Amino acid sequence: MSLVAGSASPSTEDEGVARFEWGQMVVSGVEGSRVRVEVVRLGAAHSATSVRVTTADASASSLSDYRLLGEWIDWRAGESGAKSLWIDLVDDGDREGIETFQVGLASMDGSSTPASRTIAVRESVTQSGTEFGLLGDPRIDQVGVNTAAPFFSDYSLGGQSDGNRVITAEIACPNGQTLCEGGGLFARRFSPENAPLGPSFAVNPNREGAESEGSVAYGPAGVFAIVWRQTEENGRRSILGRVFDASGDPATGIVVIDESPSAQLHSPIIAGDLTGGYNVTWHRNDEILVERFGRGPSVRRRVAGGGVMTGAKVRSTALGETIVVWHEAGAAQAARSAASQTRGAFDGSPPSGASSILGRRFSPSGEPRGEPFVIATTDETDFDASIEESGDVNVVFKEPTGDRIIGAKVSSDDETREQFEVTESAGVRSSPRISTNGSGDSVVSWDEEIASDGEVKGRMIDRRGQALTGIATVAAHDDLLFDANDSSLSLTDSRDVHFVYRRGPALRGSTITVSPSRGDCQPTASNLCLASARFDVRATWATPAGASSAASATPLSDDTGTLWFFEPGNVEALVKILDGCAVNGHYWLFAGGLTDLQVQLLVTDTRASVTRRYVKTDFDRFAPIRDLEAFTCDPAAASSPTTSLSHANSWPTTNELRWLEESRQLAQLRHDTSPSNGDRNAVSSTHERQSVDSEGQFSCQTRADVLCLADRFKVRLDWETTASSGEGRTRAFSRDSGMFWIFDPANIEVFVKILDGCAINGHYWVFAAGLTDIEIRLRITDADNGDTQFYRSPAGTLFETVVDLTRFGCG
């Protein structure tokens with residue numbers, strides 16, 4: 001609850017009579033918040049007196065909304081001035097709006113007292129831009145009443161892209177105790193609207209030691225995991241973890257990630273992805289370790305060691321691309337190989353032993369990708385990092401001199417580096433934090449001193465490091481009990497910024513909705529700009545072996561484009577966005593895929609700054625997409641859910657990467673042995689083919705109504721609606737792939753790809769994906785022998801992806 005308003009009535013002034021006035025009524029703390037009642041004694045100070053502070057229900061109830069109070073304040077003879085006491089507010093978890101109760105004074109000696117004062121309170125769930133309560137239960141409500149009570153520390157926030165989140169915090173024991181009643185590591189879940197999803201709960205009710213340094217991260221479908229450090233009374237330390245289901249109930253027991261009776265284990269950080277895996281990094285003496293668990297066998301790797309290393313952080317993309325980032329002192333840097341230093345330095349030269357922020361990449365399966373590399377050269381150990389879905393890494397840190405907040409960006413191939421300024425002028429700043437959403441935008445926050453007070457400042461930047469907003473105040477503080485050093489923040493795909501910090505003895509949060517100023521989509525090699533440049537379309541992919549990267553893009557029309565992974569002619573996905581505003585007030589999204597790899601499709605409405613994610617986490621068929629409510633035509637009403645593209649039915653896995661490698665080897669072999677290279681109609685399979693038509697040409701030729709693919713297969717399309725029917729018109733794309741349109745050349749309806757899999761299973765592989773729900777009949781004929789196969793998609797259903805790996809033999 002939060003104090004909203006109060007009113008005081010003046011007292012009369014009588015000679016020789018003690019007069020009392022209201023002082024301040026302020027909020028301190030959060031859920032289990034407190035109102036400080038300050039009473040000032042004026043006049044008649046020659047004798048002792050007392051006044052009783054009372055409370056009375058109005059719309060608020062003393063049983064569930066605040067603590068009933070009936071306490072005395074005493075002044076000795078000759079004593080005057082202000083004295084105060086506290087009224088504890090209780091958050092019962094219900095959203096009841098503004099409620100009130102009365103506070104009054106009663107004198108024991110008949111002296112005058114002012115009229116009662118009305119206190120208005122409201123639940124901790126508030127509108128954007130204001131603070132809300134995070135953690136609390138009957139034990140925690142009393143936190144901070146006296147200095148011997150437990151207090152919050154080591155808190156963290158784990159957020160989903162849709163705004164759901166989990167807060168963890170340690171209820172620390174007083175006076176250095178290891179175990180205490182009511183202590184331990186607690187967590188609570190919250191909805192995107194800041195509503196608590198159930199009460200706070202102990203992460204490990206049967207703890208055996210002091211718990212601290214909790215860290216939380218989401219996996220798929222609302223599942224989340226928490227890791228923490230445990231220190232037992234005998235000095236034994238452990239790094240522990242536990243997975244919870246989407247309802248907040250334990251899905252596993254306590255997982256021992258590392259333990260030792262003597263080693264220094266500390267600073268565990270966890271990152272999750274949508275494939276169901278989690279990565280944990282922690283410090284063990286002078287080493288940094290990372291372990292992947294939660295999906296398949298646990299895999300532990302040594303990230304780095306042998307130096308003075310601090311602040312290790314782990315970040316993952318939705319498909320499991322992971323990076324560990326840490327700060328390392330210069331002595332260890334000097335010991336690194338010149339090649340490694342050159343690869344990482346901003347200016348291309350070794351950092352000569354300078355202290356640096358380093359990074360190292362790991363595949364979704366936990367395998368390291370290369371050696372550590374330098375992200376930024378700085379002595380400053382106060383930094384934070386994030387990773388974009390493309391694999392680009394962002395780091396923010398405080399400038400050692402001038403106290404500007406600096407950002408550094410490293411591309412997914414670790415070859416391109418840029419630095420940018422988050423703050424343009426000097427100031428007294430600390431604790432930079434960064435969070436990045438699906439569209440590649442980031443929010444950066446920091447603590448900034450202003451006179452004797454301070455504020456948490458923040459601004460949003462785009463994927464190029466350019467400012468999207470001015471600098472705004474996230475939260476203000478005017479006391480020494482404000483702590484932003486361990487603050488956490490999360491940026492959702494809907495541009496909501498969730499921020500957590502400590503004020504006084506309790507935790508506070510702030511939610512801010514950001515409306516950045518941005519232009520339309522700007523096309524690059526890795527994105528499509530569709531529907532008059534309103535929509536930015538990108539994709540990332542991952543193979544079973546752990547290779548991953550951003551897709552490349554090829555525009556076909558204003559509303560349609562393709563995405564490819566390995567080669568420009570080998571199309572993997574087709575995306576179309578149509579303007580359906582006049583029909584249902586939304587843009588319509590269609591997509592089909594010709595791949596069995598993991599794929600994440602990211603579509604951003606640049607005018608609403610909202611991203612939708614479509615995620616395929618298996619190595620199965622790409623389920624077609626038809627989302628007729630994908631994006632509202634009114635940008636102010638947009639939202640950002642995540643959709644699974646995993647297909648319910650299994651089918652033979654093609655292992656496309658294997659096909660690619662073997663087909664390249666075959667191509668090189670043919671190039672070395674073929675008498676004539678570069679001829680499109682040259683022999684392109686493992687057998688000779690001599691079938692020709694009456695004009696002496698190969699019988700397979702692309703025409704307006706026929707695609708010729710793999711120099712061998714004729715592909716035709718027939719369509720039918722209740723009103724008309726006809727043949728599809730062709731648009732060749734590459735030797736192996738092509739498209740059909742029906743009503744408009746710019747409106748692609750079906751995409752077909754035929755790959756030479758002869759070296760793998762003795763067959764050609766047929767793939768087809770469609771962006772239509774009218775009746776479609778595909779007819780594919782082997783020009784060598786006339787063998788024909790039909791594939792039908794009935795009216796009223798979205799064209800189901802075709803994957804046929806055995807229909808056409810190579811003989």
Side-chain angles (χ1 to χ4, degrees), residues 528 530-532 535 537 539 553-564 569-580 582-584 586-595 599 601 603 614 621-630 645 702-709 713-734 736-754 766-781 789-804:
L528 296 168
L530 303 180
S532 301
F535 295 94
V537 180
T554 302
L556 300 178
S557 67
D558 180 63
D559 53 34
T560 309
T562 63
L563 299 165
W564 56 273
N570 183 14
V571 172
E572 310 290 1
L574 183 67
V575 182
K576 177 169 65 177
I577 298 180
L578 301 178
D579 184 346
V583 180
N584 71 340
H586 289 77
Y587 283 86
W588 300 344
L589 173 68
F590 299 86
L594 308 176
T595 180
V599 178
L601 184 66
V603 184
Y614 301 85
R621 177 170 43 181
F622 189 111
I625 303 170
R626 178 181 57 188
D627 194 340
L628 304 184
E629 297 183 349
L645 300 186
T702 292
R703 304 195 305 259
D705 58 347
V706 177
L707 283 174
C708 181
L709 301 183
F713 295 92
K714 298 178 180 180
V715 184
R716 293 181 173 87
L717 180 146
D718 296 304
W719 59 269
E720 183 176 350
T721 70
T722 57
S724 59
S725 62
E727 294 181 327
R729 315 306 286 174
T730 64
R731 183 172 174 177
F733 190 82
S734 70
D736 300 316
S737 57
M739 298 160 278
F740 288 93
W741 60 271
I742 295 174
F743 306 109
D744 183 343
N747 186 9
I748 304 300
E749 304 288 3
V750 176
F751 199 97
V752 183
K753 178 169 71 174
I754 299 180
V766 177
F767 300 83
L771 309 179
T772 180
D773 59 1
I774 66 173
E775 178 158 340
I776 297 292
R777 293 183 299 277
L778 275 179
R779 179 173 43 168
I780 300 180
T781 301
Q789 176 68 36
F790 290 87
Y791 303 92
R792 176 177 176 267
S793 178
T797 60
L798 189 61
F799 189 102
E800 190 72 17
T801 302
V802 172
V803 179
D804 192 339

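Since the model is a prediction, treat every value here as computed from it, not as a measurement.
- A pairwise comparison of heavy atoms in Y614 and V603 identifies CE1-CG2, 4.3 Å as the closest pair.
- To the nearest 0.5 Å, atoms CD1 (I748) and CG (D559) are separated by 9.0 Å.
- R729 has its side chain within reach of D705: a pair of non-hydrogen atoms, C-beta onward, lies under 4.5 Å apart.
- Within a 6.0 Å radius of CD in E720, more than 12 heavy atoms belonging to other residues, nucleotides or ligands are found.
- When all heavy atoms of A630 and L589 are compared, the pair lying nearest together is CB-CB, 3.8 Å.
- Side-chain atoms of F799 and D773, non-hydrogen and from C-beta on, never get closer than 4.5 Å to each other.
- Nearest heavy-atom pair across L798 and P624 is CD2-CB, 3.6 Å.
- A side-chain contact (heavy atoms from CB on, under 4.5 Å) with L563 is found for one member of V599, L601, T595 and no other, namely L601.
- At a threshold of 4.5 Å between non-hydrogen side-chain atoms, the residues R731 and L556 count as touching.
- Shortest non-hydrogen contact noted between W741 and N747 is CB-O, 3.6 Å.
- Looking at every heavy atom in both residues, G592 comes nearest to L771 through N-CD2, 3.5 Å.
- Atom CG of N570 and atom CZ of F767 lie 8.5 Å apart (nearest 0.5 Å).
- Separating the CD1 atom in I577 from the OG atom in S532 is a distance of 11.0 Å, to the nearest 0.5 Å.
- The two residues L628 and H586 have their closest heavy-atom pair at O-CB, 3.4 Å.
- Looking only at side-chain heavy atoms (C-beta outward), R792 and E775 come within less than 4.5 Å of each other.
- Atoms CD and CZ, on E749 and F743 in that order, are 6.5 Å from each other to the nearest 0.5 Å.
- For the pair L709/D736, no side-chain contact is recorded, criterion being any heavy-atom separation below 4.5 Å from C-beta on.
- At a threshold of 4.5 Å between non-hydrogen side-chain atoms, the residues I776 and I742 count as touching.
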task = I would like to know whether V752 and F713 meet side-chain contact (heavy atoms from CB on, under 4.5 Å); could you show each step before the answer?
result = CA-CA 11 Å; V752 183; F713 295 92; over 6 Å; no
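- Counting heavy atoms from C-beta outward, E572 and F622 have side chains that stay 4.5 Å or more apart.
- Under the 4.5 Å side-chain criterion, counting only non-hydrogen atoms from C-beta, D579 is in contact with Y587.
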